[in-house]
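Note that the structure is a prediction, hence the values are computed from the model and not measured. What you see below is based on every heavy atom in this structure, not just the backbone, and it leaves out hydrogens, waters and symmetry mates.
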Amino acid sequence: MAEDNAAEANTNDTEGEEYMEIKMAGGWYLTMSLAKSEKYDSEYVEVAKERSGQKRSRFNLNPKYVRELGETLIKFADANGL
């Protein structure tokens, strides 16, 4: 049962490095993809909670903050014993 609670990072080889997902419990995935805004002619990283191919929640992040977010998440997990 511990495997169900553990998140596993997977990459989708067909999409290359522009798409990654973390498998969560209950058929949910946390997906990260590099997207381009035609309206603003810029790139962003979309973080979404997805199940059965439908995105339920989305968050768009400026690419220059992606590394800082990752490092902060690691610090948060370490500080809280996660």
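- Between Asp41 and Lys36, some side-chain heavy-atom pair lies under the 4.5 Å cut-off.
- Grouping the Ile, Leu, Val, Met, Phe, Trp and Tyr side chains by contacts below 4.5 angstrom, directly or via other members, places Leu69 with Leu30.
- For the residue pair Arg51 and Arg56, the shortest heavy atom distance occurs at O-NH2, 4.5 Å.
- Glu46 is listed as a side-chain neighbour of Lys55, based on a closest heavy-atom distance under 4.5 Å.
- Put simply, CG on Leu73 and CD on Glu68 are 11.0 Å apart, with the number rounded to the nearest 0.5 Å.
- If you take OG1 on Thr31 and CE on Met20, they are separated by 12.0 Å, rounding to the nearest 0.5 Å.
- The shortest non-hydrogen separation linking Lys49 to Met24 is CG-CE, 4.3 Å.
- Follow the hydrophobic side-chain contacts under 4.5 Å out from Ile74 and you never reach Ile22; the two are in separate clusters.
- For the pair Asn62 (side chain) and Lys64 (backbone), a donor-acceptor distance under 3.5 Å is present.
- Two residues are said to be in side-chain contact when any heavy atoms from C-beta on lie closer than 4.5 Å; Leu34 and Val45 meet this criterion.
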